[in-house]
Amino acid sequence: MKKLDKRLFRMIKNTKGQFIAVLAIIITGIFVFTAVNNSAKNLNDSINDYYIETNFADIFVKGSSLPEKLEKQLPGTNDIIDAEARIVFDTKFITDDKDENVNVRVISVDKYENKINKLFMKTGKRILDEKDAILIEQFAVARNINVGDEIKIKINGRQTSFNVSGIATSSEYAYMMENEQTMLPNPENFGVIYLEEDYLRKVYSSRGNFNEILLSVNDDDNIEKIADQLEDNLDEYGVSRVIKKSDQLSNNMLSQEISGLEMMSQSIPVVFLAFAGIMLASMLSRIVKKDRTSIGVLKALGFTDGEIVVHYLKYAAIVGITGGLTGSIFGTALSGVMTSYYLVFFSIPMLTVKVYYYRILISVVLSLLFCIISGFLGVRGIVRINPAESMKPESPKKGKRLLVENIKFFWNHIPFSWKMVIRNIFREKKKFVFIGAAVAITCGMMIMTIWMIDIIDVMFNRHYSEFSKVQYNISFDSFKDESVLSEFAEAVKVDDMEGRIELPFEIENGRYSKIVNVIGLNEDTVFYGFRDMKNNKVQVPSQGILLSSNLANSLNANVGDVILLNNFVSDDEAFVTVKGIINQTLGINGYMSIDYLNEQFLDKRIINGVYINSDEDVPNKLDDMKNINVQSQNDMKLAFEEFTAVTAMSMGFMVVFSGLLGFVIVYSMTLMSINERTLEFSSLRVMGFSKKEIFNMLIRENMIMTVIGIISGIPVGLWLVKYLGDAFTTDIYTMKEPVNPKSIFISIILTIIFIILAQLMTYAKIHKLDFMQALKNRIS
Amino acid sequence: MNEIVLKVENLSKNYQMGEVTVKALEDVSLDAVKGEFIVILGPSGSGKSTLLNIIGGMDTPTSGNVYFNDEHITNMSDKDLTLYRRNKIGFVFQFYNLMATLTAKENVELAAELCENAIDIDEVMESVGLGGRKDHFPSQMSGGEQQRVAIARAVAKNPQILLCDEPTGALDFETGIQILKVLKDVNEIYKNTVIVITHNASIAQMADKVIKMRSGKITDISINESPIPAERIEW
Ligand SMILES: Nc1ncnc2c1ncn2[C@@H]1O[C@H](COP(=O)(O)OP(=O)(O)O)[C@@H](O)[C@H]1O
Ligand SMILES: [Mg+2]
């Protein structure tokens, strides 16, 4: 080994505390980057493979009576390649447990194979006979149903048995939610069953017509245009919605998850790498400064500037390669864990944990480049060192009075030890700003994490206890007269009951438009507690509409604006005034008085669902009613609780990562201080200071910066919360919840714990240091 | 046989300190012959280091020329100066300036690795009297021992000129004499030109040529026909 390299390794050994510290930050950054980015790529690649393999539909057309002939007519027009009609309806799944409420979606498929949204068989056979059913895997697993079992569902009000002939997954239900309102998959209580098409056409009363058509088109970029045209062209068949691939529920959830991951992989690692970069640069520039004479000697010996720069850059390169390699290997391992965590929520048969070797390489190269660039910023001073000058002792810096010293009242009243602390801080301004910034970021990230933990809870609890007080939401297959309510009152002992309308509308405001469910309610409804953004109670207006804040946002609508509502079913349009914007944490909706909605778009006194609150087992009591679907709020809450248990783990990771940043930087910067100031400390020791007193001085310096860091960390945290809230606010979640003081308090405590840990570590180091030795050998 | 290896012509060096111009060197000229042992004498601040640094290619003059054999040093690019230092020059400094994290031997190897015609390291270490302490770190050695390592480091490259800036300045009398003896031994074994800076006049007794400086100027150059061995110097 070259002697210069030997010197390098001894240099690393002598500064191993700092070396490990900066390495830890790089590793964390690369680790998060690889883990999250790999997961996103895993998810993205496998879902795309899955879509290709199963020929995922580009457009979903829903209507009341779509004739079979469309299957032949549509292909060839409008860039449409293929069309496949099917019957889809929700019904009740009969279980042995009478207290259970299980809904299934029945979908017709071809006896042998369908062209679009093909089933991906897991077990059993694809060929379907009349009395056969293929079950979606998530449901079969959750309910422990196997091939050969018999299942019962209600068709046309009658219990009908089927033999489970196969179990499959479907790209359409990779994320299997019943509808937008359910928020989470709940495979025990909702599943999909595929039945043979000809059989369903006979038994499902629709005069042989279908109610959905799947389309695949030539050009993905044209989907939007084709969808618009279809909406107009297929009017006569009672088209209620034309859903583009990008809006399809499961696909939409997946893309949001993927883009969320991508955002995360681009933000958190940047923070870590930025800190690592600054640290590396300042570490190296300090090393270079300390080595000034040695560098002069090397130059005098005939080493070129380039050789010397490379010598020091190797330090950065070793950090980069080790950090990149370790980080990306651990990251790849974690992405395996993350991917299997996604498998809990997403059913993607191709989703396997892949090791992307070239990505490890990319991470290493990235980390290497990054370290070399930061390293270069630190060592570029080498070029300026003049060998002749470097042999002379550096002229001492001029002592300068600090600004605070002029504030006589303050300065004269603080003890000497504090004066020294303040002088030291000002002497090394940059270093302390850096420590302060690290503490601020740590505290900020803590606030963000604690807020995340809080908000998930708040979102669901607020939604299900304060916002929506619906215990059972019963949907009808079609519109009914209000008078059916009496049937429900007879069947169930209700505490509260109201008829409601829930209907998709296309809402337009100028050039903004959005398709959402609008809900028609009694003006004095007891099932909702609406509040505006200032937390004032809001009543359902007798005329006009209330918008959830995310809807108002995406329509760019304000109170008082007049917006256009377009109903697919009746194809009626009407202008409606926005009467209020309400705070709704889950889902995206408009709310109107049911009378006003009926008057504008439908007929008087009709409803397509009922809200019921009752202590009785409602699904069981309504067992005999035909063509209804009962949703229980309690089931959704339970599904949510499972979900939070899993997220708690990833939040735990975040707390550790954030803490690590503060810990590592405070630790390594203090170490740097100790190394640089051994002479000064030695003199203090000679004067009679104890190790403890010296340590106290260091602690005080860091304490001041910690306090400043924490104070400035609070706005950083609030900003992060706002940024994250905006980024994660989707049609499904609205994360506009202020941080509560308790979260801030917890974050500060956590930050302080990590800083104290770092201090204790440096104390151990100080204890080992032999200051006297430092005085004895003064060699460069 | 009086082959001139180094020629300095009308060398001047000015430092601009705000309004004032410090003339560190003023019109200095001298020659050095191969194998010559030269002592430059002068009080502190007289320009000795400045002269040595320019000769060694570590600094550039304001005007004047330095020739090493036929090479025009003062016209060289930074890159060529580095090569010149690497292959032709050996430096010994007052404060030894060893690499603290390398052992004695490694410090010498560091320099030897630089050039093609390096001398065998063990031999050099032997000739400076360091046979037994090769694996010690600088912090485990006395000042005199460290200076021996520094000399070995400079000699190992087999330079044609060995430049020593107050090599005994940080040492006590006894040790200083030993170091001077080492320098003289090296000079005799390897036949390189040795230039030693000092402000101690008695060292001049061992030189082949004595150059006296004052206020940036050379005041006298004298040839010493009968130099005495280092161990007989007294002051
Ligand atoms: N970098 C510099 N800037 C300004 N003046 C300098 C510098 N280096 C040397 N000098 C001045 O040049 C003169 C000669 O210095 P130097 O060659 O170091 O003297 P010596 O080695 O004989 O003690 C001194 O007056 C010194 O102050
Ligand atoms: Mg000098």
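Chain identifiers are assigned alphabetically (A, B, ...) following the order of the sequence lines, protein sequences preceding nucleic acid strands; residue numbering begins at 1 within each chain. The basis for the numbers below is simple: all heavy atoms, side chains too, and nothing from hydrogens, waters or symmetry mates.
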> What part of A:Asn14 lies closer than 4.5 angstrom to a heavy atom of chain B: side chain, backbone, both or neither?
Replying inline: side chain
> In terms of heavy-atom proximity below 4.5 Å to chain A, should B:Leu114 be classed as side chain, backbone, both, or neither?
Replying inline: side chain
>> Tell me which of these, B:Leu83, B:Ile89, B:Leu110, has more heavy-atom pairs under 4.5 Å with chain A than the rest.
In response: B:Leu110
>> Using heavy-atom distances under 4.5 Å, tell me whether A:Lys2 contacts chain B through its side chain, its backbone, both, or neither.
In response: both
>> With a 4.0 Å cut-off on N to O distance, would you call B:Lys48 and B:Asp165 a salt bridge?
In response: no
> Contact part of B:Lys157 toward chain A, heavy-atom cut-off under 4.5 Å: side chain, backbone, both or neither?
Replying inline: side chain
> Looking at B:Glu26 and B:Lys217, does any basic side-chain N land under 4.0 Å from a carboxylate oxygen?
Replying inline: yes
> Can B:Lys13 be said to sit on top of B:Tyr15's aromatic six-ring, NZ or CZ under 6.0 Å from centre and within 45° of the ring axis?
Replying inline: yes
>> Please classify the contact of A:Asn386 with chain B as side chain, backbone, both or neither, using a heavy-atom distance under 4.5 Å.
In response: side chain
> Do we see a donor-acceptor contact under 3.5 Å between the side chains of A:Glu693 and A:Ser690?
Replying inline: yes
> Which pairs pass ring pair (Phe, Tyr, Trp, His ring centres under 6.0 Å) with one or both residues in residues 49-84 of chain B, sequence neighbours excluded?
Replying inline: B:Tyr67-B:His72, B:Phe68-B:Tyr84
